[in-house]
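For reference, positions follow the sequence shown, starting with 1. In each ligand, atom 1 is the first atom listed, and ligand 1 is the first ligand listed.
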Amino acid sequence: MSKVLIIEDEVAIADLEKDYLELSGFTVEIENDGNRGLARALSEEFDMYILDLMLPGVDGFEICKRIREAKNTPILMVSAKKDDIDKIRGLGLGADDYITKPFSPSELVARVKAHLSRYERLINSNVQDNDIIEIRGLKIDKTARRVWVNEEEKQFTTKEFDLLTFLAQNPNRVFTKEELFSEIWALESVGDIATVTVHIKKIREKIEFNTAKPQYIETIWGVGYRFKV
Ligand code: CA
């Protein structure tokens, strides 16, 4: 069940919003003060924020900015004045939507639903994209850290896996050995760029049908490597 935080100092409005959202199946929490609202928004997990602009303590502009710095959760801003909406847009605070008072509660509910389903789709599509990379006969499961070539699983060391995954995630881009070394080994400060050559050779032995004519990791002479798609 989706959880919504309303930060609104006008109790009657906050209660009305809560009633309508609860009727639509949402779990709703209210804070009437800017400071407390901001603290909860940052320390607890919610699926959506409904944020009034003029609040005691910290105002809605600042709260919106601070939430957006920390998370991508949808934010609907509520304002008493149309002019404020232009101001919110102009400040580029990262709010997803705006609504002016007075508004119909059913319109509020419709907007909350729309933003939540858009956000869920976004999260789900990211999960799928990040999990598995499939390029021709090569399949990399990033979460399980497993690799298959034409359905046959191959064993990779940690660094071989990291290097292969990095290249496969950035296809058709040429990387120098220096770039690859700093990307994969930088934190350890051991070895040198010859390590990259050795690892590419090992990876090719596992994924290429003919290492003399690689179909995945191509050598760009005098520059570095490129993952071909
Ligand atoms: Ca207010």
- R146/E153 ion pair, N-O < 4.0 Å: yes
Between F166 and F227, is the gap from one ring center to the other below 6.0 Å?
no
Exactly one candidate in I133, V147, D131 meets side-chain contact (heavy atoms from CB on, under 4.5 Å) with K142; the answer is I133
The N/O/S atom of D52 lying closest to the Ca ion (ligand 1) is OD2
For the Ca ion (ligand 1), the nearest N/O/S atom on D9 is atom OD1
Check: Is D162 salt-bridged to R145, cutoff N-O under 4.0 Å?
Finding: yes
- Got an N, O or S from E8 under 3.0 Å of the Ca ion (ligand 1)? no
